[in-house]
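When reading the values below, keep in mind they use all heavy atoms of this one structure, side chains included, and skip hydrogens, waters and symmetry mates. Numbered from 1 within each chain, the chains take letters A, B, ... in sequence-line order.
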Amino acid sequence: GAVVSQHPSRVICKSGTSVKIECRSLDFQATTMFWYRQFPKQSLMLMATSNEGSKATYEQGVEKDKFLINHASLTLSTLTVTSAHPEDSSFYICSAALSASYGETQYFGPGTRLLVL
Amino acid sequence: GESVGLHLPTLSVQEGDNSIINCAYSNSASDYFIWYKQESGKGPQFIIDIRSNMDKRQGQRVTVLLNKTVKHLSLQIAATQPGDSAVYFCAESNNNAGNMLTFGGGTRLMVKP
């Protein structure tokens, strides 16, 4: 089946630094990738949708200048948390899909645990 | 706004018993539903899905029931095993939103040996 990886799996950083998280589709070309954030004991909340070669679409309340998304190739999307603060500590999960069409399956990555000190 | 939610935050069952996890949704336009299993520290894992033109779908040890009248779906797990212990999420989609998913709040299933 389709495999999506994330790197790193865990990261600890100091407040004020930037952290980059990679999401890769290993065996298929993902035109569309989604980025979710999940706080402890809560559900997945969609942050943004990225389409290869175009600007990401951010959900209401998500700062695009703080959460930079780049989807430069059909197998890689990156999320950069800029000037991270403790409240950004969360579990970040990406998913990848062949397209954004209705019914197209999202394949989820294993998540990245971010801890900002 | 529109949301997908769950009735029970935690469900504890005895190994071997059947489990039923419920989900309510409010978006009447929702026509595609998915159940995911998430183990601690991992990403969601697809379990089973159902479209609105069906009211029941069965997989291996799992069954999803959809009641569009009351906007409710459930996940039934037969002969629950310790490996089924996880958080279960329902998610919904509709063709106005492409393949975007809205996730429910999640239910933690605890299986007692």
Side chain from CB out, backbone as N, CA, C, O: work out which of these in A/Gln38 comes under 4.5 Å of a heavy atom of chain B, or both, or neither. side chain

Heavy-atom distance under 4.5 Å to chain B: side chain of A/Leu44, backbone, both or neither? both

Are [Y] and [X] connected into the same hydrophobic cluster when the rule is that any two of I, L, V, M, F, W, Y join if their side-chain heavy atoms are below 4.5 Å apart?
| X | Y | answer |
| --- | --- | --- |
| A/Leu26 | A/Leu76 | no |
| A/Phe39 | A/Leu46 | no |
| A/Val19 | A/Tyr58 | yes |
| A/Phe28 | A/Leu74 | no |
| B/Tyr36 | B/Tyr32 | yes |

From the list A/Ala97, A/Ser101, A/Ser95, A/Ser99, the residue making the most non-hydrogen contacts under 4.5 Å with chain B is A/Ser101

Do the side-chain N and O atoms of A/Tyr102 and B/Asn96 include a donor-acceptor pair separated by under 3.5 angstrom? no

Counting only non-hydrogen atoms closer than 4.5 Å, does B/Gln38 touch chain A with its backbone (N, CA, C, O), its side chain (CB onward), both, or neither? side chain

To the nearest 0.5 Å, what is the distance between CZ on A/Phe91 and NZ on B/Lys42? 10.5 Å

About how many Å separate CG of B/Leu101 and CZ of A/Phe108, when rounded to the nearest 0.5 Å? 5.5 Å

Quick one: are B/Val87 and A/Lys41 in side-chain contact, heavy atoms under 4.5 Å? no

Would you call A/Met45 and B/Thr102 a side-chain contact if the rule is heavy atoms closer than 4.5 Å? no

Grab the two heavy atoms, one from B/Phe89 and one from A/Gln42, that are nearest each other, plus how far apart they are. CZ-O, 3.9 Å

Exercise: identify the closest heavy-atom pair between A/Gln106 and B/Met100: NE2-CA, 4.0 Å

Does any N or O in the side chain of A/Ser43 come within less than 3.5 Å of the main-chain N or O of B/Gly104, such that one atom is a donor and the other an acceptor? yes

Does the B/Asn99 side chain pair with the main chain of A/Thr105, one donor and one acceptor, at a distance under 3.5 Å? no

Holding to ring-ring contact (aromatic ring centres under 6.0 Å, His included), I want the full list of residues that pass it with A/Tyr92, two or more places apart in sequence or in another chain. none

Run the ring-centre check on A/Tyr107 versus B/Phe46 and record whether the distance is less than 6.0 Å. no

Does atom CD of B/Gln14 have more than 12 heavy-atom neighbours from other groups under 6.0 Å away? yes

Please indicate whether A/Arg10 has more than 12 foreign heavy atoms, meaning atoms of other residues, nucleotides or ligands, lying under 6.0 Å from its CZ. no

side-chain hydrogen bond (donor to acceptor under 3.5 Å, both in side chains) involving B/Ser93 - partner list, sequence neighbours excluded: none

